[in-house]
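Sequence lines set the chain letters: A, B, ... in the order given, protein chains first and strands last, and positions in each chain run from 1.
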Amino acid sequence: MIPNAYRSLHCNAVRPEHIGQTVTLCGWVNSARDHGGVIFIDLRDREGLTQVVFRPEENADIAAQSHELRDEDVVQITGRVEKRLEGTENTKLGTGAVEIVATVLKVLNKSDVLPFHLDREMSNEDLRMKYRYLDLRRERMNRNIRTRHKITTAARNYLDATGFIEVETPILSNPTPEGARDFLVPARLSPGKFFALPQAPQQYKQLLMVAGLERYFQIARCFRDEDLRADRQPEFTQIDIEASFIEQNDIIALVEGLLASMFKAGQGVDIPASFQRITYQHAMDVYGSDKPDTRYGLEIVDMADVFANSGFKIFRTILEGGGVVRAINAKGFAGITTGQMIRLNELAIQAGMKVKQLAFIKVERNAEGVLEYKSPLWKFFGEDEQKALIAKLGVEENDIVFFYAGTWDEACNILGKVRLEIASMQKLTEGSTALNFLWVVDFPLLAYSPEDQSWVAVHHPFTRPKAEDVPLLDAGEYGKVRAEAYDVVLNGYELGGGSIRIHESELQAKMFSVLGVTPEEQELKFSHILEAFKFGAPPHGGLALGLDRIAMLVSGEESIREVIAFPKNNKACDLMTDSPTNVDFKSLRELYVQSTWKDKKKEEAAAAPPPAA
RNA sequence: GGAGCGGUAGCUCAAUUGGUUAGAGCGCCAGCCUGUCACGUUGGAGGUUGCGGGUUCAAGUCCCGUCCGUUCCGCCA
C-alpha cells in the first residue's frame, strides 16, 4: 500500500517493528468491546484486522468518543503502536502481537445496523443479493474476488509471455443462427434491425487469424439467454484463445501450461504438466458423460461377452438387436435405502429408461454367514454367467450392481446419471482435494437432432472434421465423422473446449450445406467469413476456457455466483438493482419496439365478464 | 415448461399427534463493567409464521392456489 493523507499502513501490516511509531489506519469497525473503562476496537480493512485500544487515562475525550462506535462505522485512527501486554497477544491475528493506542479518532461515516452478520454464513440468498455490496465485505467473498483477480492476471501474463495479443471484439454483433438463444439489442439508427450480444467471439477471432495476428486472446464477456444453473449465468467470462499454424497438440500443451499458471497463482498448487486424454467414445462408454468426474471409479462395464448367449432372454434379445447391456458395480453400497433406490429409479426414468426399475444384484451375507445374491434376475443366469459376471465386475460382499439394457445412447445417458447420483449418495468426493484434469478428444462432428430433423454441429459449424474422416463426410455417413475438437475437463466440470477450424471456403460451405444452411442463408449470414477464407486464411484453431468455473473450482466453491461480483439469480434478475426493468413508452418508440407482454392477472380481468351493475 | 427442497423475530434456527401467551442463540436498545478479542453481565424492545383461500371447536403444523429463493431435468452450437 502506498501511504497517503488518509493512512500510513494497512490494517494487516502493523507489526512489532512498528512499535513506538505513530501510524494512521482507516477501515471499518469490525467489533467493539466496551469494558466501561478501556475499549477495544477491531479495525478492519480489506487486508485484515488491527486491535485499537482506547484508554480513558490516556485521552479521556477520545475514549468517551469511542463509546459511540458501532459495527461497520468507517473511521480513521491515528495512534502509537505498542506491544500488547504480556499474555494478551492474539495468535489468531497477524497483527496480534501489537495494538494501536489511539490518539486521534475521526469518524468518516457512521453505519446503520447491517441487515445480516458479516462473520457468519448466510442461507438467505435474496438478502445476500439485495445487499451484495455488504455480502462482498465478508472475508470469504473478498477472498474469492481476489482469487479471481489473481488467476485472471496469471492467465494474461502467461498468454502475453507466449506471444498472444489481447484484442477486444464487438459486444454489439449479429445473432447466431444456431446454438443458444441470443440477447437482442434494438438498433435505433437502423430501424427495425437488431444487434445480438455475442455468445462467444467465435467468428471475430477466426477473422483475426485471417488478419494475420497469429496469436489472439481475450478475457471476453459472453452472453446466452438460456436458463441458469449453479455453474451457468446469462453473462459469463471466457478466456478466448485462437492461434494460427497450430494443431491440436499445440493447443493442448498451451492450455495445460495456462491452467498450471492459473492454479499456481490461485491455489498455490502444482498440477500435472500434462493431462490424461480420453476419446469421446471412451468417455461415454465408461462414464456415460463427455465431462467425466474421474475422482471415483463406478465405471460402466460392458457386459456383452457375459450375456451374449444368456438364458436370460431379455438381455440376449437386446444384444442380438444391436443394443448393449451395461452395469455399474457400486462398491459397498448394498446398504442403499429404499428412498435412495426410488430416487435412482426416478432419475433413470427421467433419463429415458424404458422399464420401471433398474435391474440390480445386491450382495449381502445372511444370518448363517452365507453370501446371498439378492436380485430379481439372478435366478435367470446360468452358473457360468454368474461366475463371469462376478469376475468381470469384481463383485464382493456389500456391493450392489445396477444394469441397463437398451440402446447405446440410453445406456450412456442413464448409467451416466446413475453413476453421478450414486457417487453423490455415497459422498465419494466429500473432502476431496483431488484435481482430475483430463482432455476429451475425438468428438463427433455432427449429431442428428430428431427435434429439428436435421444434422447439427456438436461443437460449432466452424469445427474441422478429422482429415481421415472427410471421406465419410463425402459419403454422407455424418454420424461417423470425428472432429478436430477437444474439451478440457476438471472433476466433472467442462472447463473449456475448442477445435481446429475449417480455413477453406469450400469445406466451410460444404459444412453449412450438411447443416442445412441454404446457399442463400450462407450468403446472407456468413458471406463475410466465407469470403475471408478466400483471401489466404491460415490454418488455425483455438479454445475458450470458462473463467468463472475455473475461479469457482480454485476457490472451492460450488456455484459460480460465489466468484462473480454481481451475479444474476435463478430468474436472471439482479435483486440489488432490480434489473431488468420496465422502460417507458417513449424509449421503446425511439427504438421502434413494442412489447407484446401482457400481465396474466390483467389479462384474466379483461377476459372476465364485467360485474353486474 | 417440469420435478425436488426451503420460506417462522434483523440474522441462524426450534416448535411433539393440529392444542396454553410461537421459543432459543446471535444482533439491536438501555444500564453496569479498565485487558478484551465471538468480552462479560442485568434488563428491554422486537412476530400479519411469504401471500390468499379452505378444512377444523382449534392451523406455523393438514388441503388448494400463488409468490419468492435454491437445486436438478428440459434447454445451454
Item to complete: Using the P atom on both, measure B:rG4 against B:rC76 and round to a whole Å.
Response: 24 Å

Fill in: Of A:N413 and A:K92, the one whose closest RNA chain B nucleotide lies more 5'
A:K92

Item to complete: Evaluate whether the aromatic ring of A:F116 and the six-membered ring of the B:rC11 base sit under 5.5 Å apart, centre to centre, with an inclination under 30°.
Response: no

Item to complete: Check every strand shown and say whether A:R229 touches a base, only sugar-phosphate, or nothing at a heavy-atom separation below 4.0 Å.
Response: base

Discussion item. Under 4.0 Å, heavy atom to any atom of RNA chain B: which of residues 122-144 of chain A qualify?
Written reply: A:S123, A:N124, A:E125, A:D126, A:L127

Practice prompt. Would you jot down, in residue-number order, the residues of residues 54-73 of chain A having a non-hydrogen atom under 4.0 Å from RNA chain B?
Written response: A:R55, A:E57, A:R70

Item to complete: Name the nucleic acid region contacted by A:R84, choosing base, sugar-phosphate or nothing; use a 4.0 angstrom heavy-atom cut-off, strictly under.
Response: base

Discussion item. Need one value for A:T463: base, sugar-phosphate or nothing, where a base atom within 4.0 Å counts as base even if backbone is also close, heavy atoms only.
Written reply: nothing

Discussion item. Going by the rule side chain to side chain donor-acceptor pair (under 3.5 Å), which residues pair with A:E235 if we only count those two or more places apart in sequence or in a different chain?
Written reply: A:R221, A:K568

Fill in: Proximity to RNA chain B (any heavy atom under 4.0 Å), residues of residues 566-578 of chain A only
A:N569, A:N570, A:K571

Exercise answer: donor-acceptor pairs, residues 344-356 of chain A side-chain atoms, under 3.5 Å, sequence neighbours excluded:
residue	atom	partner	partner atom	Å
A:N345	OD1	A:L358	N	2.7
A:N345	ND2	A:M341	O	3.2
A:K354	NZ	A:E410	OE2	2.5

Worksheet item: Mind checking what makes salt bridge (charged side-chain N to carboxylate O under 4.0 Å, His left out) contact with A:R140, not counting sequence neighbours?
Response: A:E121, A:E557, A:E562

